[in-house]
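Okay, structure first, notes after.
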Amino acid sequence: MTIRVIVVDDQAMVRAGFAALLSAQADIDVVGEAPDGRQGVALARSVHPDVVLMDVRMPELDGLSAAREILDPPPGVLHRPKVLMLTTFDIDDYVYEALRAGASGFLLKDAPPADLISAVRVVAAGEALLAPSVTRRLIADFVHRRPAPRRDPALRLNGLTPRESEVLELIARGLSNQEIAGHLVVAEQTVKTHIGRVLAKLDLRDRAQAVVFAYEAGVVRPGDGG
């Protein structure tokens, strides 16, 4: 199945470069480009992409606000693509807020081309781009410095079984499904089942939100191993 992508960035050369790179892949189709967040939201709602590559800092409407509009659309708008944030900074206030808003992760603009292609495929498949250690450090750093807890997040943990709580902790430490399976000595499919139940019980969209929630609820804390 072809992955439909739009590129939202205020720099024309960046948009063109990303579009050309992704279009060269047999399984990726770039179906549109936009120069700012406002046009990006409109484009996403008109062409229904699977993945939106969204620059963080743009005129008219910044990437964070645009991501929020795309991921929390008004009544009647049913399509919600995955959003992958693009930034030139590895530590950026907007990134943590974007993850809380429901973005599936972020990627540095100077990442190797292969990383961009892989990121689009990972996000389109429903996973969150959380493997790089910089992402875990960023989330831990912002939760530590600017805690913004959800409503009684710790209380929501009461609905999880001990094994589901353990899986949530391992997700928050940045382990992949395969690594979690090895740690718990279970099949990878069993891990996927546990993760699905965790997300459903906590009303979370994906692994990115699960990591943020785990820090906010105190399941893991900045400075913990992982």
Side-chain angles (χ1 to χ4, degrees), residues 2-25 27-74 77 79-125 127-132 134-135 137-139 141-142 146 148 205-206 208-209 212:
T2 302
I3 303 168
R4 293 166 57 83
V5 178
I6 65 172
V7 181
V8 186
D9 194 296
D10 61 329
Q11 294 179 288
M13 290 185 66
V14 171
R15 289 199 312 274
F18 285 161
L21 174 65
L22 294 172
S23 295
Q25 310 307 308
D27 60 336
I28 298 175
D29 184 14
V30 176
V31 295
E33 303 174 29
D36 60 60
R38 179 64 62 204
Q39 293 184 53
V41 172
L43 182 62
R45 290 180 181 162
S46 66
V47 302
H48 294 176
D50 300 306
V51 177
V52 178
L53 284 181
M54 180 79 74
D55 188 23
V56 167
R57 302 186 179 193
M58 291 182 293
E60 296 296 328
L61 190 70
D62 64 65
L64 172 58
S65 299
R68 283 179 175 149
E69 289 195 20
I70 289 172
L71 295 167
D72 188 20
V77 178
H79 181 72
R80 286 198 292 185
K82 304 293 184 181
V83 175
L84 179 61
M85 305 300 296
L86 296 165
T87 178
T88 53
F89 307 96
D90 59 353
I91 299 296
D92 190 312
D93 285 8
Y94 282 157
V95 175
Y96 173 68
E97 294 299 334
L99 293 176
R100 294 190 75 240
S104 293
F106 79 98
L107 189 70
L108 295 179
K109 283 188 175 182
D110 61 358
D115 285 3
L116 174 64
I117 297 166
S118 174
V120 168
R121 290 171 177 156
V122 165
V123 169
E127 296 291 333
L129 197 68
L130 291 172
V134 65
T135 308
R137 290 200 309 272
L138 179 142
I139 294 173
D141 179 55
F142 278 99
R146 299 189 300 101
R205 189 170 292 125
D206 58 21
Q209 288 196 325
V212 173

Side-chain atoms of residues 10-21: list all donor-acceptor pairs with protein atoms under 3.5 Å, sequence neighbours left out, distances to 0.1 Å.
{"from": "Gln11", "atom 1": "OE1", "to": "Lys109", "atom 2": "NZ", "distance (Å)": "3.4"}
{"from": "Arg15", "atom 1": "NH1", "to": "Asp9", "atom 2": "O", "distance (Å)": "2.7"}

Between Ala119 and Leu107, the two heavy atoms sitting closest are CB-CD2, 4.1 Å
Minimal non-hydrogen separation, Val123 against Lys82, with atom names | CG1-CB, 3.1 Å
Taking only distance into account, with no hydrogens and no angle test, what donor-acceptor pairs under 3.5 Å do side-chain atoms of residues 41-53 form with protein atoms, sequence neighbours excluded?
{"from": "Arg45", "atom 1": "NH2", "to": "Glu69", "atom 2": "O", "distance (Å)": "2.9"}
{"from": "Ser46", "atom 1": "OG", "to": "Ala42", "atom 2": "O", "distance (Å)": "3.3"}
{"from": "Ser46", "atom 1": "OG", "to": "Leu43", "atom 2": "O", "distance (Å)": "3.0"}
{"from": "His48", "atom 1": "NE2", "to": "Arg45", "atom 2": "O", "distance (Å)": "3.2"}
{"from": "Asp50", "atom 1": "OD2", "to": "Arg4", "atom 2": "N", "distance (Å)": "2.7"}

Looking at Leu71 and Pro81, what are the two nearest heavy atoms and their distance?
-> CD2-O, 3.5 Å
Quick one: pull up CD1 in Ile28 and OG in Ser23 and give me the separation to the nearest 0.5 Å.
-> 8.5 Å
Atom pair OG (Ser65) and CZ (Arg38), whose distance is rounded to the nearest 0.5 Å | 8.5 Å
Rounded distance (nearest 0.5 Å) linking atom CG of Asp55 with atom OG1 of Thr87 | 7.5 Å
Indicate yes or no: at least one non-hydrogen side-chain atom of Gln25 is less than 4.5 angstrom from one of Val120.
-> no
Spatial distance of atom CG (Leu116) from atom CG (Leu86) [nearest 0.5 Å] | 7.0 Å
Would you indicate whether the side-chain heavy atoms of Val31 and Ile6 approach each other to under 4.5 Å?
-> yes
Do you know which two heavy atoms are closest between Met85 and Ala103, and how far apart they sit?
-> CG-CB, 4.0 Å
Minimum heavy-atom distance between Met54 and Ile70, given as atom pair plus value = CE-CD1, 3.7 Å
Which distance, rounded to the nearest 0.5 Å, do you find between the CG of Leu22 and the CD1 of Ile117?
-> 6.5 Å
